[in-house]
Amino acid sequence: MSPAPLESFDDDPRVGDTVLSETQIAERIRELGRELTADYADERPLLVCVLRGAYAFVTDLAREIDLPVEIDFIAVSSYGASTRTSGVVRLVKDLDVDLTGRHVVLVEDIVDTGLTLRYLRRSLEARGPASLEVCTLLARESADLEGLGVRYVGFTIPGEFVIGYGLDVDERYRNMRHIAVYVDPGV
Ligand code: 5GP
């Protein structure tokens, strides 16, 4: 018996126009990796991955950093099972590593309103890291990146809700290799 084919998203009507191809994502992550390698030369940065959306990004990013990086995970919940923010951020899983004196890079999937980031920054800064920078794969054009102190940005994108490469709707589409606009069947 031949194995079942991998899930294909080609015929899924909820997967809209491509926003970023697999190649575009890979190339940009290579650049970000080079930047981080230069900026953290002789250090041992700790990548703090914000679950679950940034899981794909952090694995690819870490492999493009030519330094002895460490990775830990933190999980927050802000959206629940919809595509609208609830306006409330809740810590769902905390880090295992002690941040005292560490050079921390917070790795995010997307900065939208900045609510999640503000919450996380406050929480992590209180733990006494030597430094804390933010690296996000995506940021909305509308986001105040300077005000939020975001140092590394993969791409800025417009307001449409997107899926793929870690980003979900109701836990689906995280394993899609590219990033696409989500076509809401209710609209
Ligand atoms: P913020 O707190 O900045 O408004 O929202 C950040 C979080 O909202 C992200 O980490 C992500 O989980 C979710 N989010 C914001 N925009 C999108 C989007 O276009 N697609 C998906 N799948 N999640 C998003």
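In listed order, ligands and their atoms are each counted from 1.
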Who pairs with D94 by side chain to side chain donor-acceptor pair (under 3.5 Å), at least two apart in sequence or on another chain?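 For D94 the side chain to side chain donor-acceptor pair (under 3.5 Å) partners, ignoring immediate neighbours, are R127.
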Hey, which atoms in ligand 1 end up nearer than 4.0 Å to a heavy atom of [X]?
{"X": "T113", "result": "1 (P), 2 (O), 3 (O), 4 (O)"}
{"X": "E108", "result": "10 (O)"}
{"X": "I110", "result": "6 (C), 9 (C), 10 (O), 11 (C), 14 (N), 15 (C), 16 (N), 17 (C), 24 (C)"}
{"X": "L167", "result": "21 (C), 22 (N), 23 (N)"}

- Short side-chain donor-acceptor distance under 3.5 Å, S21 and H178: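 Checked: H178/S21 side chains show no N/O donor-acceptor pair below 3.5 Å.
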Taking the six-membered ring where the residue is Trp, are the ring centres of F57 and Y165 under 6.0 Å apart?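 Not under 6.0 Å, so no.
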So for R140, does at least one of its heavy atoms come nearer than 4.0 angstrom to any atom of ligand 1?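 Under 4.0 Å: yes for R140.
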Any D109 heavy atom less than 4.0 Å to ligand 1
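Yes, D109 has heavy atoms under 4.0 Å from ligand 1.
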V162 to ligand 1: N or O pair under 3.5 Å?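 The answer is yes, given that V162 and ligand 1 share an N or O pair closer than 3.5 Å.
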Any nitrogen or oxygen of G114, main chain or side chain, under 3.5 Å from a nitrogen or oxygen of ligand 1?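 Such a contact does occur with ligand 1.
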| query | How are the rings of Y173 and F9 set relative to one another: parallel (under 30°), tilted (30 to 60°) or perpendicular (over 60°)? | reply |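 Tilted, since the angle between the ring planes falls between 30° and 60°.
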